Amino acid sequence: MTKRVFSGIQPTGNLHLGNYLGAIRNWEQMQHEAECVFCVVDMHAITLWQEPAALRAQTREMAAALLAAGIDPAKAILFNQSQVTAHAELAWILNCVARVGWLNRMTQFKDKAGKDREGASVGLYTYPVLQAADILAYAATHVPVGEDQKQHLELARDVAQKFNNDFGVELFPLPEPVIQGPATRVMSLRDGTKKMSKSDASDMSRINLTDDADAITAKIKKAKTDPEPLPETLEGLKGRPEAENLVGIYAALAGTSAAAVIAEFAGKGFGAFKPALAELTVAKLEPIAAEFRRLLADPAYVEDVLHRGADRARAIADPIMARVFETVGFLRR
Ligand code: TYM
């Protein structure tokens, strides 16, 4: 099976440090090693209400942010999901393969639907099946994501396996999650037990890739910590989620390990560590923010990248979908 990488990101809210360190940096690296298909998942976004004009603008903005973060459209395929009909078509077929019991176990649905489950969209419920379709429409073998996507990736493997078994074919490879680096789960700056998220009401909880130097410095300065200095060993970070999170962010940005960061800052307080972290973060993010602003001023270019990406994506998905339709028994020309 040839190695092929697929991953996606929702065009809701800004690209933040959690997305970047958990996933996008791995996308950027993998585009040099394998065929990569990266998708702005506007169809997933509408499982929750989106203002149409805002959705279109945010799709463009997310694409610009990904380009600014180093996704190279000459190497990787970058497009928005709704432009390639295979996603919707395969999602329907896989809805008939996945079992209700499997979806009932998905924790993200429970989190997002909250108390009003009856009032949630059906799309939100079958969200993980569309995600499986995204991956399998390209017969992707590797899926770089943050830790929070693990359960959805397991479902995608189960769906692929059941499809292959039910129809007695070897059509879909079982996609491998690629969850790697020192920051696979970046936590909120206000609460070390909650993940950094674009849906958090407080903008102080996250660092956006588009924040300027002043905003980044202020957010890190105000980040919640404990009164202890940094420990001598990694084990000393146990039970200190905020400290562990900031050390992980530092390690990921510096391209080193948490152990190396601890070795450097052992015994130092946050009064010393936070300014160093702020300086490093600003240095790493400033060029991305500058390129993002430049791209925002050129929406025609960004849209052109997405259109050309969609053409290339279709060229991969079409023959796979032809085999799927044939396997399922659909009568087609
Ligand atoms: P989304 O848009 O929530 O996030 C995009 C990527 O960022 C990662 N991520 C994080 N990593 C570390 N720490 C965090 N705090 C953090 N927050 C987000 C996510 O794990 C993800 O890799 N359902 C997906 C989008 C999707 C998809 C796919 C992914 C749709 N189809 C197919 C892979 C393959 C989502 O909502 O990601």
Side-chain angles (χ1 to χ4, degrees), residues 4-28 30 36-48 50 58-59 61-63 65-66 69 71 79-82 84 86-88 90-91 94 106-109 111-112 123-124 126-157 159-160 175-200 205-209 241 244-245 248-249 252 313:
R4 184 177 291 134
V5 175
F6 183 94
S7 200
I9 184 164
Q10 294 204 57
T12 46
N14 287 315
L15 190 62
H16 58 68
L17 199 60
N19 302 135
Y20 182 60
L21 297 179
I24 312 305
R25 272 196 353 168
N26 289 332
W27 297 13
E28 198 274 326
M30 292 173 98
C36 287
V37 184
F38 297 134
C39 187
V40 178
V41 293
D42 46 6
M43 289 162 64
H44 277 105
I46 63 166
T47 56
L48 300 175
Q50 306 294 329
Q58 290 193 340
T59 300
E61 278 179 30
M62 183 53 77
L66 294 171
I71 301 306
F79 72 108
N80 56 309
Q81 192 182 24
S82 61
V84 178
H87 296 258
L90 185 56
L94 299 182
M106 295 292 116
T107 56
Q108 183 182 285
F109 175 73
D111 292 347
K112 287 201 178 173
L124 188 66
T126 64
Y127 178 116
V129 178
L130 177 58
Q131 182 161 342
D134 295 342
I135 299 164
L136 300 178
Y138 302 91
T141 54
H142 293 78
V143 185
V145 285
E147 223 169 273
D148 61 338
Q149 293 300 314
K150 220 170 164 174
Q151 196 184 35
H152 286 167
L153 264 287
E154 277 160 20
L155 183 100
R157 290 171 65 91
V159 170
E176 295 271 352
V178 179
I179 301 175
Q180 65 185 17
T184 56
R185 189 171 171 79
V186 177
M187 308 310 278
S188 156
L189 298 179
R190 310 301 291 165
D191 177 351
T193 65
K194 262 176 43 188
K195 76 169 181 185
M196 185 178 284
S197 152
K198 38 198 157 197
S199 55
D200 195 312
S205 70
R206 65 184 159 258
I207 291 172
N208 304 304
L209 261 73
E244 190 175 16
N245 188 39
I249 291 174

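Values in this document were obtained by computation on a predicted structure and should not be read as measured data. One-based numbering, in listed order, for ligands and for the atoms of each.
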Can you sort out which atoms of ligand 1 are near Val143, meaning under 4.0 Å from one of its heavy atoms?
33 (C), 34 (C)
Below the 3.5 angstrom mark, is there an N/O of His152, backbone or side chain, next to an N/O of ligand 1?
no
Do His44 and Asp134 make a side-chain contact, defined as non-hydrogen atoms from C-beta onward lying under 4.5 Å apart?
yes
Quick check: does Gln108 get an N/O under 3.5 Å from an N/O on ligand 1?
no
Where is the nearest protein heavy atom to atom 11 (N) of ligand 1: which residue, which atom, and how far?
Gly18 O, 3.1 Å
Which of the atoms of ligand 1 are close to Val41, meaning less than 4.0 Å from one of its heavy atoms?
30 (C), 31 (N)
For the residue pair Gln151 and Leu155, establish whether any side-chain heavy-atom pair is separated by less than 4.5 Å.
no
Mark yes or no for whether Arg206, through its side chain, and Ser197, through its backbone, hold a donor-acceptor pair below 3.5 Å.
yes
Test your reading of the structure: does Pro144 have an N or O sitting under 3.5 Å from an N or O of ligand 1?
no
Starting from atom 1 (P) of ligand 1, locate the nearest protein heavy atom and write down its residue, its atom name and how far away it is, to 0.1 Å.
Lys198 NZ, 4.0 Å
Determine whether Pro241 and Met187 make a side-chain contact, defined as any pair of heavy atoms from C-beta on separated by less than 4.5 Å.
no
For residues 135-142, dump all side-chain donor-acceptor pairs below 3.5 Å to protein atoms at least two apart in sequence or in another chain.
from: Tyr138; atom 1: OH; to: His87; atom 2: NE2; distance (Å): 2.9
from: Thr141; atom 1: OG1; to: Arg4; atom 2: N; distance (Å): 2.8
from: Thr141; atom 1: OG1; to: Arg4; atom 2: O; distance (Å): 3.1

Please check whether Ser7 reaches ligand 1 - meaning an N/O of the residue sits under 3.5 Å from an N/O of the ligand, judged on distance alone.
no
Decide yes or no for His152 and Val145: does some side-chain heavy atom of the first lie under 4.5 Å from some side-chain heavy atom of the second?
no
For Val145, which part has a heavy atom under 4.0 Å from ligand 1: side chain, backbone, both, or neither?
both
Could you establish whether Met187 and ligand 1 come within less than 4.0 Å of each other, counting only heavy atoms on the residue side?
no
Gln10 neighbourhood, listing ligand 1 atoms whose heavy-atom distance to it stays under 4.0 Å
2 (O), 36 (O)
When only distance counts, is Met196 in polar contact with ligand 1, meaning an N/O pair under 3.5 Å?
yes
Atom 20 (O) of ligand 1: the protein heavy-atom neighbour that sits closest, reported with distance to 0.1 Å:
Asp148 OD1, 2.4 Å
Determine the sole option in Ile9, Leu209, Asn19 for which the side-chain contact (heavy atoms from CB on, under 4.5 Å) test with Leu66 is passed.
Ile9
If the cut-off is 4.0 Å to any non-hydrogen atom of Tyr127, which atoms of ligand 1 fall inside it?
23 (N), 24 (C), 35 (C), 36 (O)
Got a second to check how far Asn245's CG is from Ser188's OG, nearest 0.5 Å?
8.0 Å
Kindly indicate whether the side chain of Gln81, heavy atoms from C-beta on, has any atom under 4.5 Å from the side chain of Leu130.
yes
Among all protein non-hydrogen atoms, which one is nearest to atom 28 (C) of ligand 1, and what is the separation to 0.1 Å?
Gln131 CG, 3.3 Å
Please determine whether any non-hydrogen atom of His16 lies less than 4.0 Å from an atom of ligand 1.
yes
Whether the side chain of Asp191 engages the backbone of Thr193 through a donor-acceptor N/O pair (distance < 3.5 Å, no angle test) should be reported.
yes
Between Asp42 (side chain only) and Ser82 (backbone N and O only), is there a donor and an acceptor less than 3.5 Å apart?
yes
Could you pull out, from Val186, Thr184, Asp134, the option with a heavy atom nearest to atom 31 (N) of ligand 1?
Asp134
Against heavy atoms of Gly22, which atoms of ligand 1 measure under 4.0 Å?
11 (N), 12 (C)
Any Lys/Arg nitrogen of Lys194 or Asp200 sitting under 4.0 Å from an Asp/Glu carboxylate oxygen of the other?
yes
What residue and heavy atom of the protein are closest to atom 25 (C) of ligand 1, and at what distance?
Gly8 O, 3.6 Å
Within-cut-off N or O pair, Gly146 and ligand 1, under 3.5 Å:
yes
For atom 4 (O) of ligand 1, find the nearest protein heavy atom and state the residue, atom name and distance (0.1 Å precision).
Asn19 ND2, 3.4 Å
for atom 37 (O) of ligand 1, nearest protein heavy atom and its distance come out as Gln149 NE2, 3.9 Å
Is there a side-chain contact between Pro175 and Arg157, using heavy atoms and a 4.5 Å cut-off?
yes
Side-chain heavy-atom pair Leu15, Met62 within 4.5 angstrom cut-off:
yes
Give the atoms of ligand 1, by number and element, whose distance to some non-hydrogen atom of Ala23 is under 4.0 Å.
6 (C), 7 (O), 22 (O)
